[in-house]
Every structure is written in C-alpha cells, then in structure tokens.
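Below: the structure, in structure tokens.
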Protein chains: 2
Amino acid sequence: MMLSKTSEYALRSLMYLALQATKEHKVGIKEISQELDLPMHFTGKILQDLVRKGLVASLKGPNGGFFLNHPASTITIMDVIKVVDGGEAFKRCGLGMNKCSDTHPCPLHEDFKVFRDGLARVFNQKTIHDLVQEVGTGHAFIKNLVEVS
Amino acid sequence: MMLSKTSEYALRSLMYLALQATKEHKVGIKEISQELDLPMHFTGKILQDLVRKGLVASLKGPNGGFFLNHPASTITIMDVIKVVDGGEAFKRCGLGMNKCSDTHPCPLHEDFKVFRDGLARVFNQKTIHDLVQEVGTGHAFIKNLVEVS
DNA sequence: CACATAAAGCATATAAATATCCTTTAATCC
DNA sequence: GGATTAAAGGATATTTATATGCTTTATGTG
Ligand code: FES
Ligand code: FES
C-alpha cells in the first residue's frame, strides 16, 4: 500500500532541491538529509542514481552539490517512481496473481483497480512543481513535525 | 502500492479454504500450494500463523489439513492483513513522513488519503465470503491463468 | 601547486521479507 | 502397536531493501 522508502526519499529530496537549490546555489547531501531527517549516505546513493538517470545534476568540490536538471514542472511523481522503483507496481494484481487482467480478474480486481489506477493517474499528472507549490503557500510540509516531549 | 506477498498468499489460501474445505473435508498445504501456484513451505508457515491467530483450524494426520475456524462471512480482508502484516500501512504518510496528519500534511496528503482510506474502507467491509462469491459465479478467479506458449 | 570541499563510485553491512529444509508431534489406518 | 500421513515447530537459506563506510575524482580557493 505504499511506495518504497527509496521512492519516498527521492521525492522529498527532489522537492527540497526544487525549493532550495539553483544552479548557482547547489545543495549538498548533508543539508538535505539533516533537514528532511533522512539517512545521509542512503540519500546520497539515491541522488547519485537520479543524476545518472538525468533528473538531477551535480557538481563536485566546494560549493558543489545537487540541483534539478530540468524545471520542476516537467518532472512528474511517476517519473521519479519509475526511475527508482521501476513502475511495475501499478500493473500488479492486488492479490498477487501472475497477471492483472480484465478478462481473468481476481475477486478484488474491480475494487482494487479503481484505487490503483486512480493513484497512478495522480502520480502521472502531479509534478514536483505542483507539490512544492503547496509547501510555498504553507499548506503543506516536507519536514517532519518535531515531537515535543 | 500493494500488500505483502504474505498477505496475498494468506488471502488466496483463505479463499481456497472457503471454497474447498469443510470440517469434514480438510485441505492440505500441498493441494493449496499446487492449485494456487504458491511456494509450498512458505504457504505452510503462513497457514500455521493463521491457526495460531485463530482464523483457521487444522488437524494433523491422514485426512488432516486446514479449514476455516469461522464462517467466511465474518472474516474481513482487513482482519487478515492485520494478522499477517500488522495493519500499520494504512496509517502511513504516502511520502514517508514520520506522521500522517491533517494539520501537518505532506504535499501529497489530500490526494493520497483519498485512495489509501478508500482502499482501507473496502478492505474493512469485504469478507472472504464476498470474495469467493464472485468466484462461485464465475466472475472472478483465484487460480493463475496458465500461459499457453 | 597545495589544500580543502563535496560528489562519485564501490564495497560492505544490516534488516526484513521471502523461501526451504528437517525434525517432531498428532492423527488415522491396519 | 507399527506404519503412514500431514501439520507444527524450529533452524536455516536466499533475496531484496535499506543503510553505512571508505576511497577516488572533480572542483574551487588561496
Ligand atoms: S486481477 Fe487482481 S487486481 Fe486485477
Ligand atoms: S501527511 Fe503525507 S499522506 Fe498524510
């Protein structure tokens, strides 16, 4: 019922980059992982992967770091999921049958499809830009709420 | 975006039991795993777990096997998921934030919640009996479609 | 050029999910 | 009671996801 952590981390990192990074002001792994409460090295791995796949660019050295390679409005959520997890999850049968098919459906098919495909549609339409817009207006957050003890 | 394989196997095994097993005619692991294309030993483990949790009963020896401990109409999909996976998945934030909350939402919250909660509602309402009914009428299947090469 | 910085690359570690194997126990049949 | 059947139980194996550490390479600074 969810994305892998890798996808989640990737999406949140990309949102952070969209908000904070420009080609002039790059952002490093340390900052991202600290601000978003993500495991640092693992986040690094994921971002390096996104660089290889072309979604993100990076530069080494002082003032180096990561930044978006394309406008945030051109990167959909599904783009990210596909790069990271490989987008097969949205085709699978909800009961794990070898094939999800309208002509040989499992007893959950109709109900499951509605939600699976609905979520896929949202993921296909929404871009990183759409997401961060809500953060910009203060209607949403990408940083964890800190528990006050 | 999906259940664990363990939950999937559990649900399909329970459906098979609902269809094929009675207290008089029990069904063994071998039959279940062969008919449903499931790994035999793993399926055994899962069923033993369901016995411990009270959803299924079993008897050893010749003519032994598994059968439902309660009427199929009293076992919801969510009951099974909770026993097997522990039902936390339906409370998690879609972007993996430490807490899913209406007052500190992630940018995906509204969209994600609709589907997550919708699916949870279906899982809470549908019982094993509802599922197998569709199989009985030939509208749905629990066995894999065999590929003809 | 020497040095500091930060990502890239790669190797490895840990944990969880998935899967198999083997021994033990209970039931049935003769 | 002895043989057979089938689940229970527990140990172990494999795979995948998640996470960390260390070395190398590129970049900028003085
Ligand atoms: S066949 Fe199971 S979800 Fe489509
Ligand atoms: S806060 Fe992310 S889904 Fe609710």
Side-chain angles (χ1 to χ4, degrees), chain A residues 1-13 17 21 23-34 36-69 81 83-86 88-89 92 96, chain B residues 1-13 17 21 23-34 36-69 81 83-86 88-89 92 96:
Chain A
M1 186 49 218
M2 63 245 184
L3 304 176
S4 68
K5 297 209 182 196
T6 311
S7 281
E8 293 173 351
Y9 295 171
L11 283 165
R12 288 175 64 205
S13 296
L17 289 181
K23 205 162 182 172
E24 287 71 41
H25 175 75
K26 305 169 194 64
V27 170
I29 297 173
K30 201 179 297 179
E31 176 179 342
I32 298 177
S33 55
Q34 276 175 4
L36 301 182
D37 283 338
L38 304 182
M40 185 168 93
H41 296 287
F42 192 34
T43 307
K45 276 255 172 276
I46 295 169
L47 282 170
Q48 284 161 27
D49 208 44
L50 294 177
V51 169
R52 254 174 262 121
K53 303 295 172 51
L55 294 187
V56 168
S58 68
L59 211 64
K60 299 183 185 179
N63 289 314
F66 298 91
F67 56 98
L68 293 186
N69 204 12
I81 295 174
V83 158
V84 170
D85 282 344
E88 288 308 298
R92 279 193 79 234
Chain B
M1 184 50 218
M2 63 246 185
L3 303 176
S4 68
K5 298 208 181 194
T6 310
S7 281
E8 293 173 352
Y9 296 172
L11 283 166
R12 286 173 67 202
S13 296
L17 289 182
K23 203 161 182 171
E24 287 71 42
H25 175 74
K26 306 169 194 61
V27 170
I29 296 172
K30 202 180 293 179
E31 177 180 341
I32 298 177
S33 56
Q34 274 174 6
L36 301 183
D37 283 340
L38 304 182
M40 184 169 93
H41 297 286
F42 193 35
T43 307
K45 275 263 174 273
I46 295 169
L47 282 171
Q48 286 162 25
D49 208 45
L50 294 178
V51 169
R52 254 174 262 121
K53 303 293 172 54
L55 294 187
V56 168
S58 69
L59 210 65
K60 299 183 185 180
N63 289 316
F66 298 90
F67 57 100
L68 294 188
N69 204 12
I81 297 175
V83 159
V84 170
D85 282 344
E88 288 308 296
R92 279 193 77 235

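Just so it is clear: chains get the letters A, B, ... in the order the sequence lines come, proteins before strands, and each one is counted from 1. Since the model is a prediction, treat every value here as computed from it, not as a measurement.
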Measure the shortest side-chain to side-chain distance between Leu3(A) and Val84(A) over non-hydrogen atoms and say whether it is less than 4.5 angstrom. no
Ignoring backbone atoms, test whether Ser58(B) places a side-chain nitrogen or oxygen under 4.0 Å from the OP1 or OP2 oxygen of dA6(D). no
Regarding the side chain of Arg52(A), the nearest nucleotide among dT28(C), dT27(D), dG9(C) is dG9(C)
If you look at every strand shown and take non-hydrogen atoms under 4.0 Å, does Gly44(B) touch a base, only sugar-phosphate, or nothing? nothing
Phe67(A) CZ to dT27(D) P, in whole Å, measures 12 Å
Who are the ring-ring contact (aromatic ring centres under 6.0 Å, His included) partners of Phe66(B), not counting sequence neighbours? none
Nucleotide dA8(D), atom C1' - distance to NZ of Lys53(B) in whole Å: 15 Å
Can you check the Asp49(A) CG to dA7(C) C1' distance for me, whole Å? 14 Å
Mapping Phe66(B) and Pro62(A) onto DNA chain D by nearest heavy atom, which one lands closer to the 5' end? Phe66(B)
Set of side-chain hydrogen bond (donor to acceptor under 3.5 Å, both in side chains) partners for Gln34(A), sequence neighbours left out: none
Between CD on residue Glu8(B) and CD1 on residue Ile81(B), distance to nearest 0.5 Å: 9.5 Å
Footprint string (nucleotides 16-24 of chain D, 5' to 3'): B base within contact, S backbone only, - free, heavy atoms under 4.0 Å: --SBBB---
What's the NZ-P distance between Lys30(B) and dT20(C), to the nearest Å? 15 Å
Is the number of heavy atoms from other residues, nucleotides or ligands under 6.0 Å of Asp37(B) CG greater than 12? yes
Measure from CG on Asn69(B) to P on dA7(D) and round the result to the nearest Å. 16 Å
Tell me the interatomic distance from Ile46(B), atom CD1, to dT20(C), atom P, rounded to whole angstroms. 11 Å
Atom pair distance, as rounded to whole Å: CG in Leu47(B) and P in dA8(D): 8 Å
Asn63(A) to Lys26(A) - nearest heavy-atom pair and separation: O-CD, 3.4 Å
Using a heavy-atom cut-off of 4.0 Å across all strands, would you classify Ile29(A) as base, sugar-phosphate, or nothing? sugar-phosphate
How many whole angstroms separate atom CG of Leu36(B) from atom P of dA19(C)? 14 Å
Atom pair CZ (Arg12(A)) and CD1 (Ile32(A)), whose distance is rounded to the nearest 0.5 Å: 11.5 Å
